[in-house]
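To start, I am sharing the structure in question, which I have written as structure tokens.
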Amino acid sequence: MDEPIVAIVMAAGIGSRFGGPIPKQVTELAGKAVVAVAVESLAAGGCSRAVVVVKEGMENHVRFALAAAPIPVHFVTGGNSRQESVRRGLEFVDSHPVLSKASKVLIHDAVRPLVPAYVVADVIKALDDGATAVAPAMPVVDTIRQVDGDTSTVVDRDTLRAIQTPQGFDRATITQCHRRMADDGVKVTDDLSCCELYDHQITLVEGSRAAMKITEPIDIDIAEVFSRAAAGAGNHSGKRVRLMATKVREKGGMFIRHVRRAIPGK
Ligand SMILES: Nc1ccn([C@@H]2O[C@H](COP(=O)(O)OP(=O)(O)OP(=O)(O)O)[C@@H](O)[C@H]2O)c(=O)n1
Ligand SMILES: C[C@](O)(CO)[C@H](O)COP(=O)(O)O
């Protein structure tokens with residue numbers, strides 16, 4: 001039997017920046033719970049098992065939301081930080097008779113539900129090609145300044161990337177690094193940094209704006225727009241949505257040129 005490709009789906013947060021009565025990971029998006037959309041996206045990109053790390057007391061809610069998941073789902077109770085939740089997910093995989101056969105593991109924020117399948121597949125392919133630690137990355141489109149008290153300095157944004165998930169790893173490596181971080185009392189905000197901390201090489205692949213993180217209330221409305229755009233393109237890896245956007249831009253450019261030609265003196 002082929003080894004499983006395991007996705008650890010981080011869904012144990014409290015969503016303090018999102019607020020509201022319903023935790024953002026089970027808020028409705030395109031008629032489903034956010035976490036259910038995330039698991040579907042991971043499955044579409046090649047993951048064959050999911051380990052969903054849930055907030056204590058929320059397992060039944062999340063289990064119900066994932067009743068129709070396209071791949072087998074396991075549940076683990078998370079911790080007080082994303083890092084602790086990830087470590088618990090990794091330890092669950094490491095002790096599981098089937099999941100522990102996986103050499104690769106992806107770690108994904110449940111609140112990045114619309115990550116295109118091609119991004120997930122690119123992370124997996126980078127691992128197949130020998131990478132140890134992989135993350136999707138996006139160019140920065142705003143001017144960025146580094147703040148120091150009352151002063152600030154502009155930073156060359158061409159050297160910056162916004163890092164997304166799913167992040168992919170050699171499973172033994174990331175498990176060992178998380179154990180070391182827990183022993184060393186070190187804190188990081190993502191898992192790529194965890195591997196980098198212990199001198200493992202990291203690899204970046206192209207991300208997608210559709211892989212945005214639902215953090216504040218407005219983000220669920222933005223995610224709905226991405227969801228409608230993807231649905232409009234039919235079944236796809238997500239590349240077609242990007243291609244369509246390019247063609248629309250090109251056509252739009254041609255359209256504007258036609259209009260200009262039609263206006264005398266333009
Ligand atoms: N103890 C935690 C904290 C966060 N997460 C998960 O990590 C992902 C990214 O974290 P974030 O967007 O910060 O979610 P929250 O921590 O819930 O949000 P906030 O910081 O606004 O409270 C989310 O899917 C969240 O559910 C987790 O599994 N366990
Ligand atoms: C893991 C992550 O999504 C990569 O960009 C990000 O670090 C999560 O940060 P959060 O504050 O836990 O949402």
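This one's a predicted model, so the numbers in the text were calculated from it and none came from an experiment. We count ligands from 1, going down the list as the structure has it; atoms in each ligand are counted the same way.
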message: Using heavy atoms and a 4.0 Å limit, tell me yes or no: is Met10 in contact with ligand 2?
response: no

message: Does any N or O of ligand 1 fall below 3.5 Å from an N or O anywhere on Ile214, backbone included?
response: no

- prompt: Where's the contact between Asp109 and ligand 2, heavy-atom distance under 4.0 Å: side chain, backbone, both or neither?
  reply: side chain

message: Testing the basics here: between Pro4 and Ser48, what is the closest heavy-atom pair and its distance to 0.1 Å?
response: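 Reported closest heavy-atom pair: CA-OG, 3.4 Å.
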
- prompt: For Gly79, is at least one N or O under 3.5 Å away from an N or O on ligand 1?
  reply: yes

task: Using distance alone, determine whether Thr189 and ligand 2 share an N or O pair under 3.5 Å.
output: yes

query: Counting both backbone and side chain atoms, is some N or O of Lys213 under 3.5 Å from an N or O of ligand 2?
result: yes

task: Answer yes or no: does an N/O atom from Thr215 fall short of 3.5 Å to an N/O atom of ligand 1?
output: no

message: Test your reading of the structure: does Arg112 have an N or O sitting under 3.5 Å from an N or O of ligand 2?
response: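 Yes, at least one N or O pair falls under 3.5 Å.
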
message: Quick check on the hydrophobic clustering: are Ile107 and Ile163 connected, directly or via other members, by side-chain heavy-atom contacts under 4.5 Å?
response: yes

- prompt: Considering distance alone, does some N or O of Val53 sit under 3.5 Å from an N or O of ligand 1?
  reply: no

message: I'd like to check whether Arg17 has a polar contact with ligand 2, where a contact means an N/O of the residue lying under 3.5 Å from an N/O of the ligand.
response: yes

